[in-house]
Asker: 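Here's a structure for you.
Numbers restart at 1 for each chain; the letters A, B, ... are given by sequence-line order, proteins then strands.
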Amino acid sequence: MTELKQPARVRFAPSPTGHMHLGSARTALYNYLIARQTGGTFILRIEDTDTKRYIPEAEDELIKGIKWLGLDYDEGPGKGGQYGPYRQSERKDIYTKFAEQLVESGHAYYCFCSPEHLAKVREVQQANKESLHYDGTCREIPVEDARKRIAAGERYVIRFKMPKTGSITVHDHLRGDITVENKVLDDSVLVKSDGWALYHLAAMVDDYLMKITHVIRGSEWLPSLPLHMHIIRAFGWPEPTFIHLSVFLKPSGKGKMSKRETADAMKDGHSIFVKDLEELGYVPEGVVNWTALMGWSYDDHTEFFSLQDLVEKFSIDHLNPSPAAINFTKLDYFNALHIRNFSDEDLANRVKPFLEAAGYKTSIDKLIILAPILKERLPTLDDVVDMAGFFFKNDISYPAEDLIAKGLEKTQCRQILTQILEILNGIGDIKKDIAEEPMRELVEKSGFSAGQVFGIMRVAVTGQKVSPPLFESMEVIGKDIVLNRIQQAIKLLD
RNA sequence: GCCCCCAUUGUCUAGCGGCCUAGGACGUGGCCCUCUCAAGGCCAAAACACGGGUUCGAGUCCCGUUGGGGGCACCA
């Protein structure tokens, strides 16, 4: 704890090509945590160099998502910062400059191969069961010749000139040293024929220029770490600490979530997309706690963490490199745990939009009163609609048979209701401490079980077989409406 | 086909050579509490993939096998 830490400059660098999912959320979280923990800087960088896959709404969703999670960034789109711009689409010239520098220093070359040629090469390699790689056609074209062809209008890309021999050792903070033979590495394209840099170049350039100290990203990047390190070393830049996070697997642990499985999860009220999670009634505290623990742990028993706890306790030294299967039931658990932890006011405010979306007219005051009896019963905020909707309706409706308690006849139930009505009518107030005692006496006299009597009463008053505690509920509903509903129930049994 | 990574109960994980007859949590089963549903309490079943080494001693280190995952684009 007394360990001195240098302020980290870290970045979350998503591409705006789709919905923000759990994997991204965790990557963003971990980046945020070490930034805050070290008094460093959390940067948002949009990697939008692929104009073909660009989705205009995606950037907004991304920003909304990380803000919802509570991860505010220090530098990035909409925030500025001295290392901007923070959208790669606004940095094209920078990449071109560095790419040319690589050509100049002999670490890269111009390539004029057509896509058709490349496809054919791949096809042949595939047929021969060889590894797939560029065939090197343009590798040895003298730079002066290449420049002439470019001047003459030929289309070209810039490729990295990967050494043919030797090996490179890279370091991943979770896995240690990884050594690969250069000959299995490819002459990857750095700049496309449309002039846009590819990830491999753009990200390395930006990380350097933005003075990134720790690169925390998904493990799908691990195979290209050797290439990235070659690029970094070709420039002679300092090497950031690389941390490749394991991927999330589908609940069965067999592979990633497919489109189909994602849709099926949604039917169950679960999703891997941040925006869905919000709509489904998950709270950021729960999502953060849950995702933080998929791949990281504090000790052998502590599991409840607020964002602030995580800022204090997170450590990149306790990361787990193995892939983790998503466990939605555990998300439900963490979500419920955090909901229970909310103050009454907080819960009231968070639950209100869900009731309103369901068409109920609500008031914060009433919700604050309700909060204590609701808290324990809400796996998600959305559950408030089923659990507490009856507090906000004028007319409740339910099938008459719900009024007939197990083991009782219709007439017996009707009689009980009549007695309940009498008792409630006779007392001044239906507050719990006033109403409960006479009701218990009724149970005693009737010879039926508390479960039977209160069950009938519950349906009559709430219209539901499942509800928050009866007497507390009646108190909130108010005497007039309670009596009225019981009368309705009696009529229903006629 | 080639390359890389990973490997403790169903799932998330603790474990960094002796504190392990392997700990916690979710889930599951049972009991208690109880006006329903929850919440809470108690209890139970459930794991070191396999085979070789190294060591006085291995879940922990090394090698192999198997299994799983990821990557091999003018995507990120």
Asker: Between P on B:G71 and CH2 on A:Trp221, what's the gap in Å once rounded to a whole number?
Answerer: 10 Å
Asker: Ignoring hydrogens and angles, does a donor from either the side chain of A:Lys330 or the base of B:A25 sit under 3.5 Å from an acceptor on the other?
Answerer: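 Present.
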Asker: Quick one: look up who B:C56 pairs with, Watson-Crick or G-U, both distances under 3.5 Å, and put none if it's unpaired.
Answerer: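 By the stated definition (distances under 3.5 Å), B:G18 pairs with B:C56.
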Asker: Give me the one residue out of A:Tyr30, A:Phe305, A:Trp290 that meets ring-ring contact (aromatic ring centres under 6.0 Å, His included) with A:Trp296.
Answerer: A:Phe305
Asker: Hey, what do you get for CZ (A:Arg53) to CG (A:Asp48), rounding to the nearest 0.5 Å?
Answerer: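 CG of A:Asp48 is found 12.0 Å from CZ of A:Arg53.
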Asker: Taking a pair as Watson-Crick or G-U wobble with both distances under 3.5 Å, which nucleotide is matched to B:C42?
Answerer: B:G30
Asker: At under 4.0 Å between heavy atoms, what does A:Asn320 touch on the DNA or RNA strands: base, sugar-phosphate, or nothing?
Answerer: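 Since only primed, P, OP1 and OP2 atoms lie under 4.0 Å of A:Asn320, the category is sugar-phosphate.
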Asker: At what distance, to the nearest 0.5 angstrom, does NE2 of A:His228 lie from CG of A:Leu222?
Answerer: 10.5 Å
Asker: Answer with base, sugar-phosphate or nothing: what part of the nucleic acid does A:Arg53 contact at a heavy-atom distance below 4.0 Å?
Answerer: base
Asker: Using atom P of each nucleotide, how far apart are B:A44 and B:U54 to the nearest Å?
Answerer: 40 Å
Asker: Roughly how many Å is it from CZ in A:Arg217 to C1' in B:G71, rounded to a whole number?
Answerer: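 Between C1' of B:G71 and CZ of A:Arg217: 13 Å.
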Asker: Could you check whether A:Trp290 gets within reach of a base, just the sugar-phosphate, or nothing at all, counting any heavy atom under 4.0 Å?
Answerer: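 Here A:Trp290 touches no strand at all.
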Asker: Tell me what A:Arg340 touches on the nucleic acid: a base, only sugar-phosphate, or nothing, going by heavy atoms under 4.0 Å.
Answerer: sugar-phosphate
Asker: In whole Å, what is the span from the CZ atom of A:Phe390 to the C1' atom of B:C37?
Answerer: 11 Å
Asker: Quick one: look up who B:C50 pairs with, Watson-Crick or G-U, both distances under 3.5 Å, and put none if it's unpaired.
Answerer: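 Result: B:G64.
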Asker: For the atom pair CE (A:Met20) and CD1 (A:Ile272), what is the distance rounded to the nearest 0.5 Å?
Answerer: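 Interatomic distance, A:Met20 CE to A:Ile272 CD1, rounded to 0.5 Å: 12.5 Å.
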Asker: Is there a donor and acceptor pair, one atom on the side chain of A:Ser193 and one on the base of B:C74, closer than 3.5 Å?
Answerer: yes
Asker: Under 4.0 angstrom, heavy atoms only, what part of the nucleic acid is A:Ser131 near: base, sugar-phosphate, or nothing?
Answerer: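 If one applies the 4.0 Å heavy-atom cut-off, A:Ser131 turns out to touch a base.
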Asker: Using a 4.0 Å heavy-atom cut-off across all strands, classify A:Leu132 as base, sugar-phosphate, or nothing.
Answerer: base
Asker: Taking the cut-offs as 6.0 angstrom to the six-membered ring centre and 45 degrees off its axis, would you call A:Arg159 and A:Tyr134 a cation-pi pair?
Answerer: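 Yes; both conditions hold, so A:Arg159 lies above the ring face of A:Tyr134.
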Asker: What is the pairing partner of B:A25, taking Watson-Crick or G-U wobble pairs with both distances under 3.5 Å in any strand?
Answerer: B:U11
Asker: On RNA chain B, nearest-nucleotide positions of A:Met387 versus A:Ala325: which is more 5'?
Answerer: A:Ala325
Asker: Can a side chain N or O of A:Thr49 be found less than 4.0 Å away from OP1 or OP2 on B:A76?
Answerer: yes
Asker: Is A:Val157 touching bases, backbone alone, or none of the nucleic acid, heavy atoms closer than 4.0 Å?
Answerer: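 Touches a base.
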Asker: May I ask you to check if A:Arg350 and A:Phe342 form a cation-pi contact, with NZ or CZ under 6.0 angstrom from the six-membered ring centre and within 45° of the axis?
Answerer: yes
Asker: Suppose you measure atom C1' in B:G23 against the same atom in B:U8; what distance do you get, rounded to whole Å?
Answerer: 11 Å
Asker: In the structure shown, which nucleotide is the Watson-Crick or G-U wobble counterpart of B:C72, with both distances under 3.5 Å?
Answerer: B:G1
Asker: Between B:A73, B:C4, B:G69, spot the one nearest the side chain of A:Ile178, thanks.
Answerer: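 Per side-chain heavy atoms of A:Ile178, the pick is B:C4.
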Asker: Mark yes or no for whether A:Glu59, through its side chain, and A:Pro16, through its backbone, hold a donor-acceptor pair below 3.5 Å.
Answerer: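 Between the backbone of A:Pro16 and the side chain of A:Glu59 there is no qualifying donor-acceptor contact (under 3.5 Å).
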Asker: Map A:Glu47 and A:Ser246 onto RNA chain B by nearest heavy atom, then report which one ends up closer to the 5' terminus.
Answerer: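 Its nearest nucleotide being more 5', the pick is A:Ser246.
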Asker: Which nucleotide, if any, forms a Watson-Crick or G-U wobble pair with B:C35, using both distances under 3.5 Å?
Answerer: none
Asker: Just to be sure I understand the geometry, which residues of residues 463-472 of chain A put a non-hydrogen atom under 4.0 Å away from RNA chain B?
Answerer: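 RNA chain B contact set from residues 463-472 of chain A: A:Lys465, A:Val466, A:Ser467, A:Pro468, A:Pro469, A:Leu470, A:Glu472.
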Asker: Give a yes or no on whether a salt bridge exists between A:Glu239 and A:Arg233, defined as a side-chain N under 4.0 angstrom from a carboxylate O.
Answerer: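 Yes, A:Glu239 and A:Arg233 are salt-bridged.
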